[in-house]
Amino acid sequence: MFSSVIHVLQMIIDDNPNDSAGEANKIQREMLTFQFVFHLFLMKAILGLTNGVSQALQKKDQEIVNAMALLKSCKEKLHWMRNNGFDALVEEVSSFCDKHHIDVPNMDEAFVIPGRSRLNAPIKTNRHHYRVELFIYVIDEQLTELDDRFNEVITELLICLACLSPNDSFVAFDKQKLLRLAQFYPQDFSDGDLLALDDQLEPYIHYVSSSSDFSDLPGIGDLAKKMVETRMHRTFNYVYLLITLALVLPVATASVERTFSVLNIIKGPLRNKMGDQWLSDSLLVYVEKDVFDCIENEAIMLRFQNMKPCRGQL
């Protein structure tokens, strides 16, 4: 892929003696540097570690337990990479550069910005520049982003949610954490409701952990369905309410994640002045395109034809 891009740029330079050739030559020179390749491999490594959790959070049916496990694993791998992965990355980048005849700097020599004079430049080695100013800085930014998205409150909420999981015969069940989970929803659980939930939790866990109907359930969504099928959602109505609230959070998280992902697509340079309502409507159609794909174009056109303007709008 890299060689193909360089080849295309070289063709532009050879066949177009104009401004586009000059721009292509500039891009080619920048690409054929150790720093560019280092950036390329660093971003590839980070995206490889974070892609799993990013994709998981964008799925509407993603189990919150799995999402927490993926998030924890992602952060642990990023920390390990930060502390132990620099030398391996430099070796991989250097091997790539040797193969494509790109100069590889000596990590112990002084770093100099290309095109800049060494005079009055701060003294630092190539290792310091690539390890501290690029490698560690970029990884720390990624870890900070994850910590901001999943702060202490959100993390506590997700940990409490995980206690509803029916996996391994409800081994994650924790009464105190589930009561704490209910406290996150004061509009749904009054003080009296919390007392009722407290009374229901122990009979609930005894029933579901000993009933064959609730064995081998893969997720919280399946638990909710089984409770309705067995009519236990009426017996343990407050527990069922807690489960339904738990099922809403992954959908909300996924919707936010997908909306951020497509925001730059919808509001691009040609549409950077679009109003909030238009932006909101456009995002809704794009994010929920699976729903809108089921609507026939004829039905949409007919709806618009039947929308007669009011006299004040004429």
Side-chain angles (χ1 to χ4, degrees), residues 48-80 146-147 149-185 188-189 193-194 196-258 290:
L49 292 178
T50 58
N51 182 64
V53 67
S54 177
Q55 293 298 320
L57 290 172
Q58 294 184 55
K59 294 180 180 179
K60 289 184 178 181
D61 59 348
Q62 176 63 34
E63 279 288 350
I64 203 67
V65 180
N66 296 336
M68 281 296 295
L70 287 170
L71 178 63
K72 180 181 179 183
S73 175
C74 176
K75 293 172 71 172
E76 288 175 350
K77 288 178 180 178
L78 284 172
H79 277 292
W80 187 94
L146 290 174
D147 289 337
R149 290 278 189 96
F150 300 93
N151 56 37
E152 292 183 6
V153 174
I154 296 299
T155 301
E156 183 186 8
L157 173 62
L158 296 177
I159 290 173
C160 292
L161 278 170
C163 296
L164 286 169
S165 172
N167 294 341
D168 300 323
S169 300
F170 297 86
V171 68
F173 178 83
D174 187 308
K175 181 179 179 180
Q176 296 305 316
K177 288 182 179 178
L178 291 179
L179 290 172
R180 174 59 181 151
L181 173 62
Q183 293 174 2
F184 281 101
Y185 299 96
D188 298 282
F189 286 94
D193 294 334
L194 289 173
L197 175 64
D198 191 354
D199 292 337
Q200 286 186 7
L201 281 172
E202 289 191 15
Y204 157 78
I205 191 59
H206 180 270
Y207 177 82
V208 295
S209 60
S210 59
S211 172
S212 59
D213 290 333
F214 290 84
S215 61
D216 300 324
L217 294 177
I220 298 175
D222 301 281
L223 172 61
K225 292 178 183 178
K226 185 61 66 174
M227 289 191 71
V228 173
E229 291 174 5
T230 58
R231 298 184 181 277
M232 286 297 105
H233 70 295
R234 297 179 179 177
T235 304
F236 304 114
N237 58 317
Y238 289 104
V239 178
Y240 181 73
L241 173 59
L242 198 61
I243 292 172
T244 56
L245 291 171
L247 291 173
V248 172
L249 184 62
V251 176
T253 303
S255 297
V256 171
E257 188 71 22
R258 291 197 305 275
D290 292 341

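Along the sequence shown, residues carry numbers from 1.
Looking only at side-chain heavy atoms (C-beta outward), Tyr204 and Met232 stay at 4.5 Å or farther from each other. In this structure the side chain of Phe214 never reaches within 4.5 angstrom of the side chain of Pro166, judged on heavy atoms. Contact check for Thr235 versus Thr230: no side-chain heavy atoms found under the 4.5 Å cut-off. At least one side-chain heavy atom of Leu178 sits under 4.5 Å from a side-chain heavy atom of Phe173. Contact check for Leu161 versus Ile220: no side-chain heavy atoms found under the 4.5 Å cut-off. A 4.5 Å side-chain heavy-atom check between Leu242 and Phe189 finds at least one atom pair inside the cut-off. A heavy-atom distance below 4.5 Å is not found between the side chains of Cys163 and Leu181. Using a 4.5 Å heavy-atom cutoff, the side chains of Asp193 and Tyr185 are not in contact.
Panel note: side chain Ser73, backbone Leu70; no donor-acceptor pair is recorded below 3.5 Å.
No more than 12 heavy atoms of other residues, nucleotides or ligands sit less than 6.0 Å from atom NZ of Lys225. By the neighbour-count criterion of 12 heavy atoms within 6.0 Å, atom NZ of Lys77 is sparsely surrounded, having that number or fewer from other residues, nucleotides or ligands. Heavy-atom contacts from other residues, nucleotides or ligands closer than 6.0 Å to CD of Glu202 number 12 or fewer.
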Inset, instruction - Applying side chain to side chain contact (heavy atoms under 4.5 Å, CB included), run through Ile205 and Val239 and close with a yes or a no. - result: CA-CA 10 Å; Ile205 191 59; Val239 178; over 6 Å; no

Inset, instruction - Test side chain to side chain contact (heavy atoms under 4.5 Å, CB included) on His233 and Ile243 and set out the steps. - result: CA-CA 10 Å; His233 70 295; Ile243 292 172; over 6 Å; no

Inset, instruction - Check step by step if side chain to side chain contact (heavy atoms under 4.5 Å, CB included) holds for Tyr240 and Val228. - result: CA-CA 9 Å; Tyr240 181 73; Val228 173; 3.4 Å; yes

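The two residues Asn237 and Gln200 have their closest heavy-atom pair at OD1-NE2, 2.7 Å. Of all non-hydrogen atoms in Arg180 and Cys160, the two that sit nearest each other are CG-SG, 4.0 Å. Taking all atoms of both residues into account, the shortest heavy-atom contact from Ser169 to Ser209 is O-CB, 4.4 Å.
From Leu157, atom CG reaches atom NZ of Lys177 across 12.5 Å, with rounding to the nearest 0.5 Å. Note: Lys72 NZ to Leu146 CG = 15.0 Å, rounded to the nearest 0.5 Å.
Applying the side-chain contact (heavy atoms from CB on, under 4.5 Å) test between Leu217 and each of Leu223, Asn167, Val208 identifies Leu223 as the sole match.
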